[in-house]
Amino acid sequence: MAKNDLIIRVAGEGGEGIISTGDFIAAACARAGLEVYTFKTFPAEIRGGYAMYQIRTSPDRVYNQGDTFDVFCAFNGEAYEANKHLLTPGTAFVYDYPGGDFEPDAIPEGVHAYPIPMSKTAKEMKSYRSKNMVAMGALSVLFNISEVTLKQVLTKKFGKKGEEILNFNLQAFEKGRELALALNKTDAWRVADPAPPKDVIVISGNDAAGLGALLGGLEFFAAYPITPATEIAKYVATHLPKLGGTLVQAEDEIASIGQVLGASYAGKRSMTSTSGPGLALMTEMLGMASMSETPVMLVNVQRGGPSTGLPTKHEQSDLFLALHGAHGDAARIVLSVEDVKDCIDMTVDALNLAEEYQSPVILLSDGSLAFSTQTVPRPKPGDFKIVRRKMWDGEGTYKRYAITDDGISPMVDPGTPGGMHIATGLEHTETGAPSFKGEVHEQMLDKRFDKIKPLVDRYHPAEVDGEGEADVGIITWGSTIGVAREAVARLRAEGYKVKGFYPKLMWPMQVAQYEAFGATCKKILVPEVNYQGQLSHFIRAETSLNPIPFTIYSGMPFTPIQMIDKVKEIL
Ligand code: COA
């Protein structure tokens, strides 16, 4: 496959403005009509530690962060040490020298080296904070990143910090350009020329989930901050009140899910967002939502676990918890997103499903997607259907848990005349009256599980990537799907018979679709970023397939080459 994308990695000390530099370059590429996919990782400490930002840009759609970088910009020695093994022939290496805190080893043969005295220049300007803008100016010249759009985004962000800071940074940007112009460019790397502008937004997975919530008619959000989910609540807090909704910051995750339950019982479309440790705390209330058939939606942004684990690192290891967390048989619906566009669309779906099926809905995102920014077609409110909960028509005697054909019972807003009832966590009869009779428990468990079963055929089917028979079928989920897409395409281009299967409705499981896919593949490989092979476990438990688990758990997402090499190994 001809390479028509460019991957730039910027790395240095948290606090040196790595993230801003990356964000500006990504925004400039998007404004130039190019597709972008960014990935960033930063330390759990609030200051200091290794921060890295990677931009992949192309005139065509990009689905993941790529195998490695084409251009590497090192702000300090720690970043250089962490990445020098990736400086292979053909790559370009921009680094803070002379005057930085390190001197690189001998530049490997074939690596294009560009020393830029970033720190020294910033110090001479008496504006150390502007070191990153010196670097950005140099990158703009060396790799054809539009100077105009970089200045626009720089001005937009730093303009808010006052005239002096803005001017320091504009000067630093210019200095960086001059320093690079004085160098002899020997590599061929360049950002593609501007394409016709598209009506897109460049947005992070977390902001996209917040936007999806608003487009999905959210009315109440209970928040408790936790990395890497906090930005969802921040986004909603900024915009929901303008739309007449309410966001409350609770004292902890248990209070958050309790407030969501209460607001939903009161008739409001409600949600919260959290990460693994928070989801663990919420499971008892999720059981209450399942038992009382109260619509509840939560976005769980997975991080390295268990316990406090790795707050800023990537993992998809909450599937066990999401699918079955809670004591007893607690029915719920679980969805997982692939990319930033899904974070918008499927947050709307999740709110609609909670309301329609009167069930807890958990939407699984993950750490790399939370902070990844991607180009997404600009969504418009009219694009989305809002599904309302089934309401009592006021006829006859009201029974909150009436047995109906589809298992969905009519709800009422509290205070509705004739609509008084008990919404209880105790097992109960159709009227909600507590009951401990065996036959009632059987009837109501059947009801709570049967009502969501039709989803396996009603929700979007899992995507099958490829036709006919295959030697290897790759089944994966979450943001790992984006990596599989590229691995499948590259393997096919090399003549391998490989297909992909990308489920997004994780529970109830679309078993027939897994079986149909498995019947066309000699081997099934299940790559996922967790230790136990959690999806493999459910495939073995729920289907006749016998997948080969392929797990990594380094706090980083897969790269396409890792999957490609694994497929070749098992073949
Ligand atoms: N001139 C002036 N200000 C600049 C600048 C420049 N040239 N370059 C960056 N800045 C500002 C940025 O605007 C930002 O300020 P803001 O937050 O008010 O926008 C700040 O400096 C940090 O810069 P940024 O580029 O966003 O990040 P960074 O690359 O310096 O990395 C992080 C900093 C991301 C490591 C750190 O800010 C962080 O977020 N740490 C917390 C990590 C975490 O969540 N831990 C888990 C806890 S459980």
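Both ligands and their constituent atoms are indexed starting at 1 by order of listing. Quick note: numbers below take in every heavy atom, side chains included, and nothing from hydrogens, waters or symmetry partners.
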Determine, considering heavy atoms only, which of [options] sits nearest to [atom].
atom                    : options                : answer
atom 8 (N) of ligand 1  : N132, L310, I226, L166 : N132
atom 2 (C) of ligand 1  : I19, T41, I165         : I165
atom 11 (C) of ligand 1 : K157, R129, M136       : R129
atom 47 (C) of ligand 1 : S130, P311, S275, A44  : A44

Check: What residues form a side chain to side chain donor-acceptor pair (under 3.5 Å) with T91, not counting sequence neighbours?
Finding: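 Here no residue qualifies.
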Item checked: Side-chain donor-acceptor pair present, R9, Q54, cut-off under 3.5 Å ->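 Note: R9 and Q54 side chains meet the donor-acceptor criterion.
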Next item on the list: Consider only side-chain N and O atoms of R129 and N169, and report whether a donor and an acceptor are under 3.5 Å apart.
Entry: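 Absent: no donor and acceptor within the cut-off.
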Between [X] and ligand 1, which residue portion shows a heavy-atom distance shorter than 4.0 Å: side chain, backbone, both, or neither?
X    : value
F158 : side chain
E16  : backbone
I18  : both

Using a 3.5 Å cut-off on N or O atoms only, is [X] in polar contact with ligand 1?
X    : result
G17  : yes
N169 : yes
S20  : yes

Nearest-contact summary for [atom] - protein heavy atom, Å:
atom                    : result
atom 48 (S) of ligand 1 : T227 OG1, 3.5 Å
atom 43 (C) of ligand 1 : F42 CE1, 3.7 Å
atom 38 (C) of ligand 1 : I46 O, 4.0 Å
atom 15 (O) of ligand 1 : K161 NZ, 3.5 Å
atom 37 (O) of ligand 1 : R47 NH1, 3.1 Å

Notebook entry, point to check: Could you state the interatomic distance from CG (D23) to OG1 (T38), rounded to the nearest 0.5 Å?
Noted result: 7.0 Å
Notebook entry, point to check: Nearest heavy-atom pair of A354 and M297: which atoms, and what distance?
Noted result: CB-CB, 4.3 Å
Notebook entry, point to check: Is R61 salt-bridged to D339, cutoff N-O under 4.0 Å?
Noted result: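 Looking at R61 and D339, the cut-off is met.
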With a 3.5 Å cut-off and sequence neighbours excluded, list the donor-acceptor pairs that the side chains of residues 236-247 form with protein atoms.
residue: T238; atom: OG1; partner: K234; partner atom: O; Å: 2.8
residue: H239; atom: ND1; partner: K242; partner atom: NZ; Å: 3.2

Keeping [X] on the side-chain end and [Y] on the backbone end, is there a donor-acceptor pair under 3.5 Å?
X    : Y    : value
T375 : V36  : yes
E338 : I481 : no
R303 : P277 : no

Item checked: Interfacing atoms of ligand 1 (cut-off 4.0 Å, heavy-atom, T312) ->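 Those of ligand 1 that fall under 4.0 Å from T312 are 43 (C), 45 (N), 46 (C).
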Checklist line | Where ligand 1 meets G15 - atom numbers and elements under 4.0 angstrom, heavy-atom basis | finding: 28 (P), 30 (O), 31 (O), 33 (C)
Next item on the list: Could you tell me whether F102 and Y97 have their ring centroids closer than 6.0 angstrom?
Entry: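 Centroid separation for F102 and Y97: 6.0 Å or greater.
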